[in-house]
Every structure is written in C-alpha cells, then in structure tokens.
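Predicted model, so just to flag it, every value in this text is computed and none were measured. Throughout, a chain's letter reflects where its sequence line sits, starting with A, and its residues are numbered from 1.
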Amino acid sequence: MSVVTRFAPSPTGFLHIGGARTALFNWLFTRHHGGTFSLRIEDTDRARSTDEATTAILDGLQWLGLGWDGEVVHQFSRAGRHAEVAHQLLAEGKAYRCYCTPDELTAMREAARAEGRPIRYDGRWRDRDPSEAPAGVDPVIRIKMPHDGDTTIQDLVQGEVRVPNDQLDDMILLRGDGTPTYMLSVVVDDHDMGITHVIRGDDHLTNAFRQLQVFAAMGWPIPEFAHIPLIHGPDGAKLSKRHGALGVDAYRNLGYLPEALRNYLLRLGWGHGDDEIIDTDQAVQWFDLGAVGKSAARFDFAKLDSLNKHYLQQAHDERLVDLVVERLTAAGDPAPDSAALARLQAGMAGLKQRAINLVGLAEAARLYTGTRPVEFDEKAANLLDQTARQRLAELAPALKKLMSWNEETIEACTRAQAEFENIKLGQLAQPLRAALTGRTVSPGIFEVMAVLGQEECLARINDVQAAGP
RNA sequence: GACCCCAUCGUCUAGCCUGGUCCAGGACGUCACCCUUUCAAGGUGAAAACACGGGUUCAAAUCCCGUUGGGGUCGCCA
C-alpha cells in the first residue's frame, strides 16, 4: 500500500517553526517512500481562521521547498460530510445528544478541579431520555466512549502507549450550531483522504486515543501514528509566542536560506550517526521515523547560524546576487547599475565566505553597490588619522602607475610601498581598507581593490585626502 | 489535580533495542595556540555529560523498580 500523509495546520497564524518541522518530517517520509503528501487546512474554527494565515502557510511551505501533492483541502468545505458521519453514529446509538449549556460545562469543570477530580465531562446525557431535553437549547452530539478496558497505540515514534478508557470522556463531535469539531473532522478527513500515516506534534498524542474511538465506531481502518516531540524554547517550555516564536517568514527575513533551515530542523530530533550536513536528497534517502528521538529539543540559533553559513558558502554567486539586490532595494537602496552588479558578482565569492546570513551579506555588499563618498563607521574613521592618510597619499601615485590592475599587481605594489616605508603591511592595508570600504572589516583588501577597479579605488583614496586634516 | 511522555557535555545528538570494544564519540558554542592585511575560513589542542537511588549481572549509559526534575494533554480551539 502506498504511503499517504498530510500536513494539517490550522490557519490561525503564521507557519511557526514547529509546524515547519512537522511538515518537513511528513514531506521527507513521504518522498522517501514515494507516496503522496497532502495539505489540509483545518479551518473549522470560523472565528479564528483567516485567509491571510492560509496564504502565509502556503507561502512558508513553498519557500521551504516542501511542495504538496494535489489540491489543498479546506476542511470546512467538508463540514456536510462530517455532520453526516456524526448523524450516522447517532442513528447507530454510538453517539447521543447532550443538552448541557456551556455555562453548565464550565461549572462542571470548576467543581471537578476544586475537588481534585479528573476534569472531564461526566456523561450526564449519555443515558438520559431525550424527552427530558430542556427547551431552547441546541444540543451537541457526543460520542459514547467505552468505559472499560484500555486503548493502545503503536506509535511509530513513541512506541506502545496505553491509556485506560475511563480517562476518555464523551467528546463533542458536532456543535450546537451543527458544525463539526476538530476531533470529528480530523478523523473523517484522514479516512476519506486515505491517510496511511499521521505524523504530527506530540501535543496530539492524547487526542489520538480519542480519535481512535471514532475510527473504531465507524469501523474504519486505523492509520499509523507518529507523534514527534515538540520544539522547545531556550527555557525548555513548548515554543510559543512568548518566546518570540517566529514564523518561517521571519526566518526568511532574518536572512536564513531554506536549505539551512531544513537541515537544522531535520537534525533537531532526528539523527543519522555523526552526520551533520545533510542535504535534502540525502535526507530523503535516509529519513525514517524510527530514528526520531522521543524527547523535546530546544531551538538554538547558534547552530542554525553555523549551518546557514555553510549553505551560504555553497550557494551560487548568481543566486546570492539576486537575493542581495532584492534586500538592498527593499531597504531603499537605489537599484544597482550594471557596473555595480558586475562588481557584486565579482566580489560575491569573497563576501559570502564571511557572511552568516543574508542580512549581513547585503550589508557587506554595499561596499560594491554603494556610491562615493563612502560612509565611515567609527572605527574606520578613527583609523584614518594623520599618519594613515599620509601613507595613503604616498601609496596613491604608485597605484596610479599600475598598468595591470589585478590582485597580484596591487598586492606587489602595496607590499613594495610598505617595505619602502619600513612599516608592516598591516599598517598600510588597514588604512586602505578603511578608506575604500568605510569599515575595518572586509574581504581581502587586494581582492576588494581588484573588484572595485583602479579608477574607483584612487577616487575613494582621494576622497579621504580631500576630507581634510 | 488526573492521565501520558521524556531524561548522555551549555545546546543538538551517537551509543541504549541485541549489556562488555565507552575512564562515553561527533557537531554547534566556548577557551587557547598557529596561520594572517582586518574579519571570516583553515589547522592544532583544551574544558565540558551518562539526573539520583536501589536492584539484576562476572560486567550497566545500556535491562528492571523507585525518586527527582522537565514536558504534554485535560475547550461547543485546533
């Protein structure tokens, strides 16, 4: 039987990092087995679901490179089918109408809490005669859970997990207004969509036991379950807004490459020996649910950074030029002309070696895309003291005389000048760097000069002289 | 509170299922040194963990029990 999985987010916010990993694991597992990966938007909560969130989720998945198969299923559009199933269970005596009001249920829970009893619906309408129904209350439909025995799940990640059935209360399938709840919808859809493997967050593990009863009541085959551990924040608690939990779009804005995020997320909770750098093709080949760990993992930006750095260095210069220009123009910089573009392309190899994300890369790239006069940061300005300028002034004529302008000739010329003045190369190279880039940190200065071109370099050096004492 | 899950360096993990090769390996981070025109990169090296307590066994990070700690779930949310 072919594998069919699904990623089923609710469109109540952006695609957060935990969801992204769930999607990744589903995607990887499916691709590994050559199955079908479907996307289902769980929008049965009409009040909280938004189109913006749906769009954000779709965009996020696309950016991450986690494409889905077939049409996106919008769960709410299947509400009729869900209600049909609820009524079938009602007709078969496997479900019943409950006339409790929300207030009554709240009171029930509070009482249970106060008395230290388990907080569950007590089944007060389970065997009550419908003739006792109060007027003016739209009943909900609840499923009859078994009272004896226990329910066992053979979870592909968690192993065998068993829960006593008396822990399961008669949950609501259909609300008073006739709309289905998540517990019903998810089961009906998973069945109708032919889902063979339900791979989702650990927080759904306890739900699985209740959902299992719906499958059983309908006589449907039970899919395989794999509940993967949650991602925690630095404090060890479930990642949430208060940790500044970010959507994938935020990671994108922060300048992370999708392949870096994929590799990072993969290694968070899954391992393959000592392998750390695992590209997507390799991941598809290796991925298996059995190697997913059972404990939660904390999100660590430092490690993401190091992976990002790696993938940045692997990335093609053309791609990075595009990404950098995109960022620069978005930040309000004028669109670079062809000469600036050529410099950027030529200098990208040196630039990307030092960047940890696209934000920093774009910032550093201004060295090649910016126009004169260059702006100096504080350190660079301090470095360009009287002596430094003097030295640059003495170097300039020698540079001007160079007939051939490339890294080798520039370096030879500069070294000769340093030797002539009997100073260390650094004492000349740093002022040069400051004058040409406005920074004290940059790619190799001779590389920078070669990329910038003779004319531009001399002009920038001259700018420093002109700036006065 | 009830139920369920988890527990190896600061962090992610390998090893655990199939006890001995583990005075516990890798990666990120940290520190030191080397290289060096800056920063990166690179090279070399260092510090750093089997939560605790009982068992079982000739032998336990590995199996069992308990304790502690952490987490998740208990909605007419998903």
- Message: For residues 429-454 of chain A, which residue pairs pass the ring pair (Phe, Tyr, Trp, His ring centres under 6.0 Å) check, not counting sequence neighbours?
- Response: none
- Query: Could one point to a donor on the side chain of A/R120 or the base of B/C74 with an acceptor on the other under 3.5 Å away?
  - Reply: no
- Closest to the A/K303 side chain, choosing from B/A78, B/A27, B/A41: B/A27
- Message: Does A/R6 qualify as a cation-pi partner of A/F37, given the criterion of NZ or CZ under 6.0 Å from the six-membered ring centre and within 45 degrees of its axis?
- Response: no
Can you give me every donor-acceptor pair (side chain of residues 137-147 of chain A, partner residue at least two apart or in another chain, under 3.5 Å) with its distance?
unit_1, atom_1, unit_2, atom_2, d
A/R142, NH1, A/D170, O, 2.7
A/K144, NZ, A/G93, O, 3.2
A/H147, NE2, A/R126, NH1, 3.3

- Whole-Å distance between B/C28 P and A/D305 CG? 13 Å
- Message: Mind checking if A/V161 touches a base, just sugar-phosphate, or nothing, with heavy atoms under 4.0 Å?
- Response: sugar-phosphate
- Query: From B/G75, B/G72, B/A27, pick the nucleotide closest to the side chain of A/D203?
  - Reply: B/G72
- In whole Å, what separates the P atom of B/U62 from that of B/G19? 12 Å
- Distance, P atom - from B/G15 to B/G25, rounded to whole angstrom: 15 Å
- Closest to side chain of A/P164, choosing from B/A40, B/C76, B/C3: B/C3
- Item | Base B/A41 paired with A/K309 side chain (donor-acceptor, <3.5 Å) | no
- Among B/U73, B/C76, B/G75, which nucleotide sits nearest the side chain of A/T206? B/U73
- So what does A/M171 touch, heavy atoms closer than 4.0 Å: a base, only the sugar-phosphate, or nothing? nothing
- Task: Classify the nucleic acid contact of A/T179 as base, sugar-phosphate or nothing, counting any heavy atom under 4.0 Å across all strands shown.
- Result: nothing
Polar atom pairs between nucleotides 13-24 of chain B and protein, under 3.5 Å, N or O only, would you list them?
unit_1, atom_1, unit_2, atom_2, d
B/U13, OP1, A/G269, N, 2.5

- Message: Both distances below 3.5 Å, Watson-Crick or wobble geometry, any strand: find the nucleotide opposite B/C3.
- Response: B/G72
- Item | Phosphate OP1/OP2 of B/U38 contacted by A/R439 side-chain N/O (<4.0 Å) | no
- Item | Any N/O donor-acceptor pair, A/N207 side-chain to B/A78 base, under 3.5 Å | yes
- Ignoring hydrogens and angles, does a donor from either the side chain of A/R433 or the base of B/U37 sit under 3.5 Å from an acceptor on the other? yes
- Item | A/K294, nearest nucleotide to its side chain (from B/A78, B/C28, B/C6) | B/C6
- Message: Take a 6.0 Å sphere around CZ of A/F420 and say whether it holds more than 12 heavy atoms from other residues, nucleotides or ligands.
- Response: no
- Message: If I take atom CE in residue A/M108 and atom P in nucleotide B/G75, what distance separates them, rounded to the nearest angstrom?
- Response: 11 Å
- Can you tell me the pairing partner of B/C28 across any strand shown, Watson-Crick or G-U wobble, with both distances under 3.5 angstrom? B/G10
- Take atom C1' in B/A48 and the same atom in B/G53, then report the distance between them in whole Å. 25 Å
- Message: Under 4.0 Å, heavy atoms only, any strand: does A/R113 hit a base, just the sugar-phosphate, or nothing?
- Response: nothing
- Sugar-phosphate only, base, or nothing, as touched by A/P229 at under 4.0 Å among non-hydrogen atoms: nothing
- Proximity to the side chain of A/R48 - top-ranked nucleotide from B/C12, B/A78, B/C5: B/A78
